[in-house]
Amino acid sequence: MTFITGHRGARNLWPENSLQGFNNVLPLGVDAVEFDVHLTDAGELVVIHDATLDRTTEGTGPVRALSPEARAATKLKGSDETIPTLAEVLAVLAPSGKALHIEIKIDEAGHPYPGIVEKVVAETVRFGVTERSHLTSFDTSILEGCRTAAPDVARLVSVNKDWAERQGGLAAFLDTVDGLVDIVAIHHELMEAEWALITARLPLERLCVWTLNDEALIAHWLERGIGHLTSDSPDLALTLREARASAA
């Protein structure tokens with residue numbers, strides 16, 4: 001069975017990376033919830049995708065510069081929701097029993113935040129979710145840090161065409177992450193283009209395809225039996241998976 005992950009909660013349904021989204025995505029029946037974590041200079045772990053505030057909030061500037069007071073007052077665009085902390089998100093998600101894909105982000109200059117891995121791991125331990133979490137990143141140095149800090153917590157690496165080319169090509173990238181991660185999450189266009197190469201190296205259960213929101217694309221990858229599928233519209237993905245199971 002293909003496992004369905006709600007991307008940034010379910011950003012086509014509710015504001016991305018919002019407590020509203022995390023609360024509402026759970027009753028849909030997703031198998032996992034994905035979200036993003038940055039570290040502010042004040043020491044807060046905050047859940048937001050971009051390294052800057054401009055796209056998804058009413059604020060501007062780098063996320064890292066937020067004080068706790070400014071964070072709590074910064075509204076997400078089109079919403080009364082504010083930027084949540086990792087602790088607030090885990091308080092919602094921990095009781096659900098769902099798998100968690102926790103993406104550890106880099107700062108606005110493209111550098112890892114010093115100490116972020118250890119802080120994220122400590123929160124997963126505090127909320128008792130380490131056994132059902134994947135620590136994720138595009139950056140293999142971050143994942144190396146995850147392996148050192150928390151060798152028993154599963155890891156996932158993400159890659160798209162541009163990132164693969166910057167690493168010397170997909171084959172070289174897959175060599176680099178061999179033994180480092182449990183799941184390789186590949187953008188659907190690259191997955192399609194390099195399907196033979198990818199499936200010669202990795203079993204379907206270790207592959208995740210992202211980010212699928214179109215009915216035809218979702219159905220295509222469900223048909224292929226991919227292990228994991230990430231969607232901004234997990235309600236659609238779940239409906240299609242159920243229909244496929246009923247027809248079998």
Side-chain angles (χ1 to χ4, degrees), residues 5 7-9 16-19 22 32-53 56 61-72 74 82-159 163 167 173 176-185 206 208 228 230:
T5 300
H7 188 229
R8 305 181 200 171
E16 69 176 65
N17 283 321
S18 67
L19 291 180
F22 296 127
V33 181
E34 187 268 354
F35 54 90
D36 310 279
V37 183
H38 288 265
L39 177 63
T40 69
D41 292 339
E44 277 198 313
L45 293 168
V46 296
V47 174
I48 185 172
H49 179 269
D50 298 359
T52 57
L53 300 170
T56 62
V63 170
R64 69 180 309 149
L66 282 172
S67 67
E69 295 77 18
R71 175 200 56 76
T74 300
T82 56
I83 302 167
T85 64
L86 177 59
E88 289 171 335
V89 171
L90 292 180
V92 170
L93 299 178
S96 72
K98 303 294 185 183
L100 306 178
H101 292 183
I102 307 171
E103 183 166 351
I104 298 175
K105 305 298 285 187
I106 55 179
D107 69 15
E108 73 284 358
H111 304 305
Y113 296 95
I116 189 172
V117 168
E118 292 78 8
K119 288 178 177 290
V120 169
V121 169
E123 288 293 79
T124 67
V125 171
R126 181 162 76 98
F127 283 89
V129 297
T130 54
E131 292 185 357
R132 52 190 170 90
S133 295
H134 278 80
L135 301 176
T136 90
S137 183
F138 280 79
D139 190 319
T140 55
S141 71
I142 289 176
L143 293 168
E144 292 281 5
C146 293
R147 179 164 61 181
T148 299
D152 296 330
V153 180
R155 296 174 295 276
L156 175 155
V157 69
S158 297
V159 62
W163 187 247
Q167 313 307 310
F173 179 80
T176 298
V177 300
D178 184 34
L180 177 62
V181 299
D182 304 274
I183 297 175
V184 180
R206 289 187 60 198
C208 175
H228 304 263
T230 299

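Heavy-atom basis, side chains included; hydrogens, waters and symmetry copies ignored.
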Would you sort out whether Phe35 and His7 count as a side chain to side chain contact (heavy atoms under 4.5 Å, CB included), showing the intermediate values? CA-CA 7 Å; Phe35 54 90; His7 188 229; over 6 Å; no

One pair to check against side chain to side chain contact (heavy atoms under 4.5 Å, CB included): Thr176 and Gln167. What are the steps and the verdict? CA-CA 9 Å; Thr176 298; Gln167 313 307 310; over 6 Å; no

May I have the step-by-step check of side chain to side chain contact (heavy atoms under 4.5 Å, CB included) for Leu86 and Thr124, ending in yes or no? CA-CA 9 Å; Leu86 177 59; Thr124 67; 5.8 Å; no

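For the side chain to side chain contact (heavy atoms under 4.5 Å, CB included) with Arg71, the qualifying choice from Thr40, Thr85, Val63, Leu53 is Thr85, the only one to do so.
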Distance-only donor-acceptor hits, side chain of residues 89-100, under 3.5 Å, sequence neighbours excluded:
from: Ser96; atom 1: OG; to: Leu93; atom 2: O; distance (Å): 2.6
from: Ser96; atom 1: OG; to: Lys98; atom 2: N; distance (Å): 3.1
from: Lys98; atom 1: NZ; to: Val30; atom 2: O; distance (Å): 2.8

Validation: residues 151-159 side-chain donor-acceptor distances under 3.5 Å, sequence neighbours left out:
from: Arg155; atom 1: NE; to: Leu180; atom 2: O; distance (Å): 2.6
from: Arg155; atom 1: NH1; to: Val153; atom 2: O; distance (Å): 3.4
from: Arg155; atom 1: NH2; to: Leu180; atom 2: O; distance (Å): 3.1

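Ile104 CD1 to Asp36 CG: the interatomic distance, rounded to the nearest 0.5 Å, is 11.0 Å. Distance check, rounded to the nearest 0.5 Å: CG of Leu39 to CD1 of Ile106 gives 14.0 Å. Expressed to the nearest 0.5 Å, how far OG of Ser137 lies from CD1 of Ile102 amounts to 13.0 Å. Atom CD of Glu88 sits about 11.0 Å away from atom CD1 of Ile83, to the nearest 0.5 Å.
A ring pair (Phe, Tyr, Trp, His ring centres under 6.0 Å) check over residues 83-118, counting only residues at least two apart or in different chains, returns the pairs His38-Tyr113, His101-His134. Within the structure, salt bridge (charged side-chain N to carboxylate O under 4.0 Å, His left out) contacts touching residues 112-124 (residues at least two apart or in different chains) are Glu123-Arg126.
Contact check for Glu16 versus Thr56: side-chain heavy atoms found under the 4.5 Å cut-off. For the pair Cys208/Thr230, a side-chain contact is recorded, criterion being any heavy-atom separation below 4.5 Å from C-beta on. Ser18 has its side chain out of reach of Pro84: every pair of non-hydrogen atoms, C-beta onward, lies at least 4.5 Å apart. Proximity of Val46 to Val37: side-chain heavy atoms (C-beta onward) are nowhere separated by under 4.5 Å.
Under a 3.5 Å cut-off, the side chain of Arg64 and the backbone N or O of Asp41 do not form any donor-acceptor pair. Judged by distance alone, the side chain of Glu34 and the main-chain N or O of Arg8 form a donor-acceptor pair under 3.5 Å. Judged by distance alone, with hydrogens and angles left aside, the side-chain atoms of Thr140 form no donor-acceptor pair with the main-chain N or O of Leu143 at under 3.5 Å.
With sequence neighbours left out, Asp139 forms a salt bridge (Lys or Arg N to Asp or Glu O under 4.0 Å) with no residue at all. Residues meeting the ring-ring contact (aromatic ring centres under 6.0 Å, His included) test with Phe127, sequence neighbours left out: none.
The two residues Thr52 and Ile48 make their nearest non-hydrogen contact at O-CD1, 4.4 Å. Across every non-hydrogen atom of Leu135 and Val120, the tightest pair is CD2-CG1, 4.0 Å.
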